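In what follows, a structure is listed as structure tokens, so that the remarks can point back to it.
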Amino acid sequence: MEINNISKRKLTGQHIGITFGTFAPLHVGHQQLIYKSLMNHDAALVIVSGSDGDRGDKIGLSLEKRFRYLREAYNDEANLRVAMLNENDIPTYPQGWDEWTLHLLRSIALNIEGVFEATNFTIYVSEPEYQVELEKRLPQNVQVALQNRKSIAISATEIRENPVRHWEKINRVFRRHFTKKVIIAGSASTGKSTLVRRLARSINAPFSEEYARLYEETANITDEELTASDYANFIIGQSRANYNEICSPSNNGVTFFDTDAIVTKAYADLYLSKTENEQLNDLFDITIAKETFDLILVIPPVTAYVDDGFRNMEWENSRHDYHQKLMWYFKQYGFEDKIVLLDQEGQTPQEGFYLRYQQAVQALETHLNIKIEHLQ
Ligand SMILES: NC(=O)c1ccc[n+]([C@@H]2O[C@H](COP(=O)([O-])OP(=O)(O)OC[C@H]3O[C@@H](n4cnc5c(N)ncnc54)[C@H](O)[C@@H]3O)[C@@H](O)[C@H]2O)c1
């Protein structure tokens, strides 16, 4: 099954460059191959190929997702189209060369404006075997150009094995898939926003801020005044804020979030009416279904409650209820194994804070399997 691009015209020109691959993920080696095929010809077609359960699918990068990411990656190249080749109905590589080549040719024909036989094509590959097998099966107007894949020492396999180590080589759009997502959660006044900032800056990672706080400050309203509509804004606003950090150019593999929709849901559950909660259920479900976390750092209410003018001081008494509710929701949504409690208490508030910071750094190393340089 071939799916064509939505907003782009079919390719025109005398000679069109072709590349194909699994692209799980797209990296700088592929990118240079693709650009070479574009710059040496009138236009270029990139074909993302694969099947259910292929090596991309195994890590959550299904063929459809790769096709979508590739279109986004090249949305600013007018003369470049991306097509998808679904191999589900043909023998898997290397058993299906005959059928696969027919699919490839059909995909090319579907993506060009002119007559296939009257157009020349060059397929760029970096595997000698691809050249040998294709040349046995291609018509005369389709050439194969073998490239040296050793010039750019990277492979998608290496990236899948250790994305953070090869971060700079991963295409920007595909990086979001490999981003380690850390959320810091907890009831009000636990110092979580400060911890998010300090943890993130300790490794120069991007971090989101608590959207509800910014929203209340801007609107100049307090917790007591919040309605279901305000909560709806929190869900969308926080989700957007977190996503922006994942897509940020400063994302170097780890991103920190100050709260998410589950944190907001625990608040809504405690402080909004049953009817208001029902109104928000669908929005919560849609948002939470898209959330994935690699680590959830939860600060229990071990600190003193601070009146900052926005907080409802009655909430002080319910901080423990809130904490229980939050933990319950994280478990309900299947994140139990991602939770680490930051529960250290020092002799002084400052000492307690530093101990919890150290706990968090330790958790990053253990759960994300990344090495963090830190002061001993
Ligand atoms: N069913 C079949 O029999 C059959 C036959 C042929 C091809 N296929 C399909 O075609 C696809 C082949 O793609 P792939 O697995 O090679 O994809 P890939 O994403 O690993 O590589 C895509 C292309 O980029 C090249 N490349 C990779 N790293 C490079 C680097 N660092 N520098 C320069 N070039 C580099 C590769 O050699 C390849 O030509 C697969 O989806 C496969 O299933 C299937």
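These numbers come from a predicted model, not from an experiment. First listed ligand is number 1; within each ligand, the first listed atom is number 1.
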Can you find an N or O of [X] that's nearer than 3.5 Å to an N or O of ligand 1?
X	answer
Ser155	no
Asn148	no
Phe23	yes
Tyr124	no
Leu33	no
Ala24	no
Ala156	no

Is Arg213 close enough and on-axis enough to Tyr211, meaning under 6.0 Å and within 45°, for cation-pi?
->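 No.
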Is the cationic atom of Arg198 (NZ for Lys, CZ for Arg) positioned less than 6.0 Å from the six-membered ring centroid of Tyr354 and within 45 degrees of its normal?
->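 Not flagged: Arg198 not positioned over aromatic ring of Tyr354.
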For atom 25 (C) of ligand 1, the option (of Ala153, Ser126, Gly21) bearing the nearest heavy atom =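 Closest candidate by heavy-atom distance is Ser126.
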Donor on one side chain, acceptor on other, [X] and [Y], under 3.5 Å:
X	Y	answer
Asn171	Gln31	yes
Tyr69	Arg176	no
Glu158	Ser155	yes
Thr255	Glu245	no
Asp258	Ser208	no
Thr19	His30	no
Ser273	Glu276	yes

What residues form a salt bridge (charged side-chain N to carboxylate O under 4.0 Å, His left out) with Asp343, not counting sequence neighbours?
->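 Counting only residues at least two positions away or on another chain, Asp343 forms no salt bridge (charged side-chain N to carboxylate O under 4.0 Å, His left out).
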For Arg55, all residues meeting salt bridge (charged side-chain N to carboxylate O under 4.0 Å, His left out), sequence neighbours excluded |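 Counting only residues at least two positions away or on another chain, Arg55 forms no salt bridge (charged side-chain N to carboxylate O under 4.0 Å, His left out).
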Look at ligand 1 and say whether [X] reaches it with a heavy atom at a distance under 4.0 Å.
X	value
Lys150	no
Glu127	yes
Gln32	no
Pro91	yes

So which bit of [X] gets within less than 4.0 Å of ligand 1, heavy atoms only: side chain, backbone, both or neither?
X	answer
Arg55	side chain
His27	side chain
Thr19	neither
Glu87	side chain

Output the list of atoms in ligand 1 that are nearer than 4.0 Å to some heavy atom of [X], sorted by atom number.
X	answer
Trp97	3 (O), 5 (C), 6 (C)
Gly96	2 (C), 3 (O)
Val125	39 (O)
Ile152	30 (C), 31 (N)
Phe20	10 (O), 12 (C), 22 (C), 23 (C)

At their closest point, which heavy atom of Pro206 faces which heavy atom of Ala200, and how far apart are they?
->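 Smallest interatomic distance, heavy atoms only, reads O-CB, 4.3 Å.
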Give a yes or no on this: more than 12 heavy atoms of other residues, nucleotides or ligands lie within 6.0 Å of atom CZ of Arg160.
->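 Yes.
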Got a sec: does the NZ of Lys136 have more than 12 other heavy atoms crowding it under 6.0 Å?
->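 Yes, because the 6.0 Å sphere around NZ of Lys136 holds more than 12 heavy atoms from other groups.
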Parallel, tilted or perpendicular: which describes the rings of Phe293 and Phe330, with under 30° parallel and over 60° perpendicular?
->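 Phe293 vs Phe330 ring planes: perpendicular.
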How far is [atom] from the closest protein heavy atom, and which atom is that?
atom	answer
atom 17 (O) of ligand 1	Thr22 N, 2.9 Å
atom 5 (C) of ligand 1	Tyr93 CD1, 3.5 Å
atom 18 (P) of ligand 1	His30 NE2, 3.5 Å
atom 10 (O) of ligand 1	Trp100 CZ2, 3.4 Å
atom 16 (O) of ligand 1	Tyr130 OH, 2.5 Å

